[in-house]
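See below for the structure under consideration.
These numbers were taken from a predicted model, which means no experiment stands behind them. The first residue of the sequence shown is numbered 1, and numbering continues consecutively from there. First listed ligand is number 1; within each ligand, the first listed atom is number 1. Side-chain atoms are counted along with the backbone in the values below, which use heavy atoms only and exclude waters and symmetry mates.
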Amino acid sequence: MSCPILPGSTIGVLGSGQLGRMFAIAARRLGYRVHVFSPDDDTPTGQVADVEIQAAYDDLDAVARFAGQVDAVTFEFENVPAGTIEVVDKVVPVRPGGQVLHTTQHRLREKSFLRSMGIPTTPFRAIRALSDLEPLGADDFPAILKTAAWGYDGKGQVKIDAPAGAASAWSQLDCDEAVLEQFVEFKAELSVVAVRGQDGSFAAYGPIENRHRNHILDVSITPTDLAPSVAAEAVEMARSIVEQLDVVGVLCVEFFLTHDDGLLVNELAPRPHNSGHLTIDAHVSCQFEQQVRSICGLPLGATTQLRPAAMVNLLGDVWQGGEPDWSQALAIEDVKLHLYGKREPRVGRKMGHLTALAETSEAAVKRGLAARQALLGAEVPVSAAIDPS
Ligand code: AMP
């Protein structure tokens with residue numbers, strides 16, 4: 001095992017969004033310096049990093065210069081080109097490693113990997129031309145056609161209800177390779193945020209329950225009222241996945257929970273995840289601190305939860321009536337506000353989140369939703385603002 005990368009060292013981050021920002025805040029709290037590399041400037045990560053480098057991911061000279069100034073590199077955005085990672089890897093360790101990115105940035109590779117491990121996934125088949133869709137019958141639908149690469153938050157996905165919809169879905173996606181997944185009538189969506197240290201140590205948060213709106217995460221809640229055996233099974237699946245992929249870092253496993261309490265893995269994200277944002281306020285060590293600890297070869301922190309919590313996303317939609325009235329949400333007890341420093345509040349864009357803590361998960365959700373509602377200038381019903389439990 002290599003020596004730990006100690007506080008005072010410099011960590012490089014590929015990608016400059018909110019995940020990098022919260023990583024950089026955790027890293028700086030632990031005494032590290034942070035350099036961020038992305039094609040943009042004045043970014044959520046750049047605003048809190050020591051150095052912000054603006055260059056294209058395929059500008060390999062700039063990538064090599066960036067790698068030469070740091071002690072290790074991690075990423076907050078998994079669609080970084082493989083060639084960029086190779087260049088960095090020749091200079092300093094990239095964690096998680098390039099093989100993790102290679103598997104998880106392509107849905108077919110990811111699902112085939114999970115299938116080869118015997119992990120249950122949504123039934124799927126590879127689609128490389130319209131002729132792969134044409135022989136399918138009514139029993140194969142409803143289904144979702146997803147691009148194999150570059151998809152996130154429901155982008156690059158089309159639902160097909162019947163064979164007649166296949167041709168227009170294929171032309172709408174406009175890609176060379178896709179995966180057709182059976183549409184799952186799930187009972188709930190869950191995630192486990194897993195962490196694996198350089199010495200093989202393991203820690204996990206969750207399961208966390210995730211509620212989506214328009215394919216974008218809306219609310220995350222933990223603890224859940226899942227049967228303990230199902231919760232343990234989800235964590236064990238996450239453990240086998242990070243061990244098999246040899247992850248050093250954080251990886252989120254997203255699941256569908258079926259009506260008979262079966263677990264199907266929907267997808268993997270080789271980094272901290274939106275559903276784990278509540279760990280900042282609700283757990284002893286948050287997912288971003290764990291990313292720092294794991295990639296630097298330090299002992300992992302405790303994942304003990306201090307209080308039930310709910311995270312409520314703030315999308316650009318919240319700005320539709322003008323700048324939200326922040327004091328309205330901040331006035332609600334045990335609600336924490338996180339904003340990502342993005343200038344343009346576009347509809348559907350993740351601008352920030354609220355975490356609400358309470359005595360029960362249900363009360364935390366109620367409080368978090370009331371706080372978001374209050375941002376829009378609406379009156380907060382007293383029953384929602386004050387935790388009845
Ligand atoms: P993804 O980008 O694959 O995580 O999809 C975003 C969201 O779309 C998921 O969190 C689900 O809410 C929904 N979704 C994706 N795939 C399926 C599926 N096979 N069946 C039902 N809903 C799905």
Side-chain angles (χ1 to χ4, degrees), residues 17 19 76-79 101 103-115 119-127 133 136 139-162 165-166 169-170 172-173 175 177-194 206-222 224 234 237-238 241 250-278 311-313 315 347-350 353:
L19 299 177
E76 64 106 49
F77 166 71
E78 63 265 40
N79 290 325
L101 265 191
T103 305
T104 55
Q105 65 186 192
H106 190 274
R107 287 187 197 273
L108 274 174
R109 278 201 291 269
E110 180 176 289
K111 284 181 179 291
S112 306
F113 158 76
L114 293 166
R115 192 181 258 178
I119 299 260
T121 64
T122 320
F124 71 96
R125 64 177 79 214
I127 303 294
L133 284 167
L136 302 181
D139 288 353
D140 296 303
F141 300 97
I144 302 194
L145 189 65
K146 302 180 178 181
T147 52
W150 315 117
Y152 69 99
D153 282 349
K155 293 191 173 61
Q157 301 191 10
V158 186
K159 184 168 179 224
I160 309 177
D161 290 310
W170 177 248
Q172 221 176 305
L173 272 199
C175 65
E177 216 176 12
V179 37
L180 185 74
E181 279 182 24
Q182 188 185 86
F183 185 81
V184 181
E185 296 287 353
F186 49 76
K187 182 158 84 174
E189 291 190 72
L190 305 170
S191 57
V192 170
V193 177
I208 301 164
E209 184 189 336
N210 300 315
R211 299 181 187 164
H212 290 75
R213 218 200 281 176
N214 301 325
H215 300 277
I216 303 174
L217 183 63
D218 187 38
V219 177
S220 291
I221 308 146
T222 196
T224 63
M237 280 190 208
I241 291 167
V250 175
L251 180 140
C252 176
V253 184
E254 295 179 49
F255 299 91
F256 294 139
L257 179 71
T258 59
H259 287 277
D260 57 358
D261 274 354
L263 291 165
L264 298 174
V265 173
N266 172 33
E267 66 175 352
L268 308 178
R271 48 166 173 76
H273 190 257
N274 195 165
S275 63
H277 291 358
L278 49 71
M311 187 280 322
V312 176
N313 263 338
L315 303 184
V347 170
R349 189 177 197 204
K350 290 176 180 169
H353 69 268

**Q.** Enumerated ligand 1 atoms positioned under 4.0 Å from heavy atoms of His212
**A.** 10 (O)
(Q) Looking at Leu19, is its backbone amide N or carbonyl O close enough to the side chain of Glu76 to form a donor-acceptor pair, meaning the two atoms are under 3.5 Å apart? (A) yes
Q. Which part of Glu189 is near ligand 1, with near meaning a heavy atom under 4.0 Å away: side chain, backbone, both or neither?
A. side chain
Q) Can you find a pair of side-chain heavy atoms, one from Thr258 and one from Lys187, that are under 4.5 Å apart? A) no
**Q.** Under-4.0 Å heavy-atom contact with ligand 1, by part of Asn266 that carries it
**A.** side chain
Q. Counting each atom of ligand 1 from 1 as listed, which ones have a heavy atom of Thr122 under 4.0 Å away?
A. 19 (N)
Q: Please report the closest heavy-atom contact between Leu145 and Ala178, naming both atoms and the distance.
A: CD1-CB, 3.9 Å
**Q.** Identity of the nearest option to atom 3 (O) of ligand 1, non-hydrogen atoms only, from Lys146, Glu267, Gln182
**A.** Lys146
**Q.** N/O separation below 3.5 Å, Phe183 to ligand 1
**A.** no
Q) Should the proximity of Arg107 to ligand 1, defined as any heavy atom under 4.0 Å, be assigned to the side chain, the backbone, both, or neither? A) side chain
Q: Verify the neighbour count for atom CZ of Arg213: are there more than 12 heavy atoms of other residues, nucleotides or ligands below 6.0 Å?
A: no
Q. Is the His277 ring parallel, tilted or perpendicular to the His353 ring (thresholds 30°, 60°)?
A. tilted
Q. After noting the C-alpha distance and the side-chain angles of Phe124 and Arg115, does the key distance pass the side-chain contact (heavy atoms from CB on, under 4.5 Å) rule?
A. CA-CA 10 Å; Phe124 71 96; Arg115 192 181 258 178; 3.4 Å; yes
